[in-house]
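Indexing begins at 1, ligand by ligand and atom by atom, following the structure's order. Start at 1 with the first residue, then count along the sequence.
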Amino acid sequence: MLQGKKIVLGITGSIAAYKSCLIIRQLIKKGAEVQVVITPAGKEFITPITLSALTSKPVISEFFAQRDGTWHSHVDLGLWADAMLIAPATASTIGKMAHGVADNMLITTYLSMKAPVFIAPAMDLDMYAHPSTQQNLKTLQSYGNHVIEPGTGFLASKLEGKGRMEEPENIVACLEQFFSQQESLRGKKVLITAGPTYEKIDPVRFIGNYSSGKMGFALANECANRGAQVELVCGPVSSSMQTNHPSIHRINVESAQEMFEACKELFSSMDSAILCAAVADFAPEKVAEQKIKRTGDEMVIRLKPNPDIAASLGQMKKQGQTLVGFALETNDEESNAQAKLKKKNFDFIVLNSLKDEGAGFRTDTNKITIITADNKKDYPLKSKEEVAKDIIDELERL
Ligand code: CTP
């Protein structure tokens, strides 16, 4: 599982820093490549010479390699890594990570990291139990980081004392488990729709909606991280919405009709489809060729229905294919979602209620209920990345 994986190992100023050597040894034995980034305090506990001898790579600790104009790029490290592990992570580093205090190479690397981040806290019990530390750990978790807590982490620990760093073999096992889960969709093809649609009124105007595409992009990344090949059919989203995963093929469309055509073409060769886009139900009957001028007191635009992509794919669905839909509701949420589940032949539907603060459009968080024909499960408010994990877990369960 760790063969060929590139791991950035962050080491901070804790007495547990000596255990980093054991982590490095095990990672390397299992075929991983390790790049150490150490804080100034970390170097008080373990020497860079030991670490570079174990990793066969120079240790990075300063922004500037030498005083000759070369510098270490935390951005490149963020792109290079398959995972970042911070072990040991002191209360100070955890606090800085939670608040974006980028005053050393380790924190800047963390802030630039594109790969999943694992944090193994190491401190005395009082520091660990302090509400500040606990709140910072919760914050980091809500950003999608994985906290490896002694005794309560992914694996049962032999340790009694909370706050002490989890044993190196258990930390390495957490990474292995993570990478093995990632492969759980290997060989599968998933179609995902994301973002809004724009329905043209004239050359400069359209009917649109507030969907940002963030939920759909988070789902695409999650599927790709688990090894799936993703077709992301994407409405007009902001240029800041980028995908750089090699397993995500992005198809940009504008209108519901274009999205429909792209999906119809792709669906038969897919294992699953997740319809996350906020598709306009209606489009202007006629698109004016010239910009419409202001005339008279009133303006009427006649609308015609757009194809229902979900319902069409629901009809096309063959045995073995899974279809997942979304419902954004303002009232009678559950009964509306149940009705959509049946009408569109979904295997399950993800319900957002606009009554829930932090759910739905234009937020980085979401609060969902997953509804199947005979079951319903409520989830707490989470980042869209974490919500994507819950949804894909459910997809895998089916
Ligand atoms: N959907 C779709 N094509 C459409 C409309 C909706 O694929 N033309 C999909 C959405 O991506 C979502 C689900 O259907 O997964 C539910 O969308 P929603 O707009 O809530 O459903 P509607 O059928 O349009 O119901 P409503 O009457 O609430 O608008």
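- The aromatic rings of His74 and Phe63 sit perpendicular, their planes meeting at an angle over 60°, well past the 30° parallel limit.
- Taking hydrophobic clusters as Ile, Leu, Val, Met, Phe, Trp and Tyr residues chained together by side-chain heavy-atom distances below 4.5 Å, Met165 shares a cluster with Leu175.
- Counting non-hydrogen atoms of other residues, nucleotides and ligands closer than 6.0 Å to NZ of Lys30 gives a total of 12 or fewer.
- When only non-hydrogen protein atoms are considered, atom 19 (O) of ligand 1 lies nearest to Asp281 OD2, 4.2 Å.
- Every residue meeting the side-chain hydrogen bond (donor to acceptor under 3.5 Å, both in side chains) condition with Asn352, not counting sequence neighbours, appears here in chain and number order: Asn366.
- The contact set between ligand 1 and Ala310, taken as ligand atoms under 4.0 Å from a residue heavy atom, comprises 2 (C), 3 (N), 7 (O), 9 (C), 14 (O).
- Nearest residue to atom 15 (O) of ligand 1 from Leu275, Thr197, Leu323 is Leu275 (criterion: closest heavy atom).
- Residue Pro307 touches ligand 1 through its backbone alone, judged by heavy-atom distances below 4.0 Å.
- Shown here, atom 27 (O) of ligand 1 is out of close reach of the protein: none of its heavy atoms lies under 4.0 Å off.
- The side-chain hydrogen bond (donor to acceptor under 3.5 Å, both in side chains) search around Glu334 returns Lys376, not counting sequence neighbours.
- Distances between N or O atoms of Ala277 and those of ligand 1 include at least one value under 3.5 Å.
- Residue contacts with ligand 1: Ala280 is placed with no nitrogen or oxygen under 3.5 Å of a nitrogen or oxygen of the ligand (distance criterion only).
- Of the polar atoms of Ile309, at least one N or O is found under 3.5 Å from an N or O of ligand 1, judged by distance alone.
- Nearest non-hydrogen protein atom to atom 17 (O) of ligand 1 is Phe326 O, 3.8 Å.
- In the vicinity of Gly325, heavy-atom distances shorter than 4.0 Å reach the ligand 1 atoms 15 (O).
- Taking distance alone, with nitrogen or oxygen atoms compared against 3.5 Å, Lys340 approaches ligand 1 more closely than that limit.
- Remark: Lys5 is positioned above the aromatic ring of Phe179, its terminal NZ or CZ atom under 6.0 angstrom from the ring centre and at most 45 degrees off the axis.
- Looking from atom 6 (C) of ligand 1 to the surrounding protein, the closest heavy atom is Lys344 NZ, 3.5 Å.
- Within 6.0 Å of atom CZ in Arg302, 12 or fewer heavy atoms from other residues, nucleotides or ligands are found, so the atom counts as exposed in its surroundings.
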